[in-house]
Amino acid sequence: MIVIPDDFNATRAYERSQIILSDPEARQYVGALSFHLYKESIRNVAKMQRLSEQYGIPLWMTEYIQKDAFAWANTMHALIADYNVSAVYYFWGFSGGSRGGTLIRLNYDGNQYLDYTLTKHYYIMGQYSRFVRPGAKRIQADSADNDIKVTAYRDGENLVMVIINNSNGEQSVQFSLNGISDVAEIQPIRTSETENWAALAPISVSGSTFTTTLSANSITTFVSGNFPRSLSPAIGPSEN
């Protein structure tokens, strides 16, 4: 199976994809539809979403960079929640020197490599990728506050929710787990301007509801059941 067309943005990808998919012989080899996000509004992803739904083929975003880490968090949320994108790829995985927007910054003195720094982008992306594992299914999740973005997933008996608070102030929020009665306790893990994967005190769920306070400008993952007990980065110690 192949991934098509891995193009510059959704508009260009749509133009090429619809030609390929209109050919039944070619279509049988397409495993996923892919696009980048450059030089146009994210709203144009709706064109690729329509093709994905029409032909029953997964939709992937396969390249993008964004200098602001929390803006990247909102981009990931929009791709997943608004356009049903099932794979999100960040282009600058690592780079040397002072270049911003990477997941891992390689440090050198002009002559040789010294060490590396795990950036805010790394931890924010991990709020999704470390806990929403392959095979998890996204379930309906809604927010009544425009500053609060939420997606939710079930992975067997485990529940995972990723919450972005875009407000400049703390927000006290009540969560209702409608139709979910098998969660008694939930563990929050938060990244903010001053925290990286901070494991907070577990929260008891009573009658399928719980209340918590979201820090200003933060992203918090709430998990039940099995999840990584060690929140240390897999590749080594954090410096940022």
Side-chain angles (χ1 to χ4, degrees), residues 58-61 64 66 69-90 93 103-104 118-143 148-166 171 173 175-205 208-215 217-238 240:
L59 184 59
W60 296 356
M61 196 291 289
Y64 194 53
Q66 202 158 10
F70 285 94
W72 172 237
N74 280 274
T75 296
M76 286 190 287
H77 169 85
L79 289 168
I80 296 166
D82 299 338
Y83 302 106
N84 205 29
V85 171
S86 58
V88 176
Y89 169 74
Y90 193 74
L103 301 181
I104 302 171
L118 304 179
T119 69
K120 192 64 70 173
H121 283 75
Y122 177 96
Y123 289 101
I124 281 179
M125 195 158 188
Q127 294 282 156
Y128 287 93
S129 63
R130 196 166 179 83
F131 304 101
V132 183
R133 306 305 301 160
K137 303 294 184 182
R138 188 164 66 88
I139 59 177
Q140 183 177 349
D142 302 299
S143 171
I148 297 175
K149 309 297 183 182
V150 53
T151 54
Y153 313 82
R154 289 304 299 254
D155 185 358
E157 296 181 352
N158 300 333
L159 172 68
V160 180
M161 299 186 296
V162 184
I163 317 296
I164 302 170
N165 178 22
N166 288 311
Q171 296 268 49
V173 179
F175 291 89
S176 298
L177 308 180
N178 297 327
I180 298 175
S181 59
D182 57 347
V183 175
E185 185 178 81
I186 201 153
Q187 169 75 52
I189 300 96
R190 183 171 66 210
T191 294
S192 65
E193 293 290 350
T194 59
E195 300 164 302
N196 295 320
W197 292 350
L200 309 177
I203 301 170
S204 296
V205 178
S208 295
T209 66
F210 70 93
T211 301
T212 190
T213 298
L214 303 175
S215 292
N217 300 310
S218 66
I219 177 170
T220 308
T221 304
F222 296 89
V223 293
S224 72
N226 297 319
F227 66 96
R229 296 290 167 177
S230 172
L231 293 179
S232 298
I235 64 170
S238 166
N240 187 18

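Reckoned from all heavy atoms, side chains included, excluding hydrogens, waters and symmetry mates.
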(request) Verify ring-ring contact (aromatic ring centres under 6.0 Å, His included) between Tyr64 and Tyr89, making sure each step is shown before the conclusion. (result) CA-CA 7 Å; Tyr64 194 53; Tyr89 169 74; over 10 Å; no
(message) Run Tyr128 and Val160 through side-chain contact (heavy atoms from CB on, under 4.5 Å) and show every step you take.
(response) CA-CA 9 Å; Tyr128 287 93; Val160 180; over 6 Å; no
(message) Let's go through Tyr90 and Trp72 carefully: what are the C-alpha distance in whole Å and the side-chain angles of both, what is the deciding distance for ring-ring contact (aromatic ring centres under 6.0 Å, His included) to 0.1 Å, and is it a yes or a no?
(response) CA-CA 9 Å; Tyr90 193 74; Trp72 172 237; 4.8 Å; yes
(message) Would His77 and Thr151 count as a side-chain contact (heavy atoms from CB on, under 4.5 Å) here? Give the steps.
(response) CA-CA 7 Å; His77 169 85; Thr151 54; 3.6 Å; yes
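Residues Ser224 and Glu185 have side chains that never bring a donor and an acceptor to within less than 3.5 angstrom of each other. A side-chain donor-acceptor contact under 3.5 Å links Asn84 and Arg138. With no hydrogens or angles considered, no side-chain donor-acceptor pair links Asn166 and Asn217 at under 3.5 Å.
Contact of the Leu177 side chain with the Met161 side chain is registered, since non-hydrogen atoms from C-beta on lie closer than 4.5 Å. Side-chain contact between Trp60 and Ser86 is present, with at least one heavy-atom pair separated by less than 4.5 Å. The closest side-chain heavy-atom distance from Val132 to Asp155 is not below 4.5 Å.
Nearest heavy atoms, Ile148 versus Ser143: O-OG, 2.9 Å. Contact between Ser129 and Arg133 at its shortest, heavy atoms only, is O-NH1, 2.6 Å. Here the closest non-hydrogen pair linking Gly93 and Leu103 is O-CB, 3.2 Å. Shown here for Phe210 and Ser204, the closest heavy-atom pair between the two residues is CB-O, 3.6 Å.
In terms of modelled atom types and a separation under 3.5 Å, the side chain of Gln127 and the main chain of Ile189 share a donor-acceptor contact. Of the possible donor and acceptor atoms, one in the side chain of Lys120 sits under 3.5 Å from a partner among the backbone N and O of Ser192. Remark: side-chain polar atoms of His121 are paired, donor with acceptor, to backbone N or O of Gln66 under 3.5 angstrom. Within the 3.5 Å criterion, the main-chain N or O of Ile180 finds a donor-acceptor partner in the side chain of Ser208. Looking only at distances, no side-chain donor or acceptor of Asn165 sits under 3.5 Å from a matching main-chain atom of Ser218. Between the side chain of Arg154 and the backbone N or O of Glu157 there is at least one donor-acceptor pair closer than 3.5 Å. A donor-acceptor pair under 3.5 Å is formed between the side chain of Asn74 and the backbone N or O of Phe70.
Aromatic rings of Phe131 and Trp197 (six-membered ring for Trp) have centroids beyond the 6.0 Å cut-off, not under it.
In this structure, CZ in Phe222 is found 5.0 Å from CD1 in Ile203, a value given to the nearest 0.5 Å. Rounded to the nearest 0.5 Å, atoms CD1 (Ile164) and CG (Leu214) are 11.0 Å apart. For the atom pair CG (Asn196) and CG (Leu118), the distance works out to 8.5 Å, reported to the nearest 0.5 Å. A distance of 11.0 Å separates CD1 of Ile219 from CE of Met125, quoted to the nearest 0.5 Å.
Here the rule is side-chain contact (heavy atoms from CB on, under 4.5 Å) with Pro188, and of Leu200, Thr212, Ile163 only Leu200 fits it.
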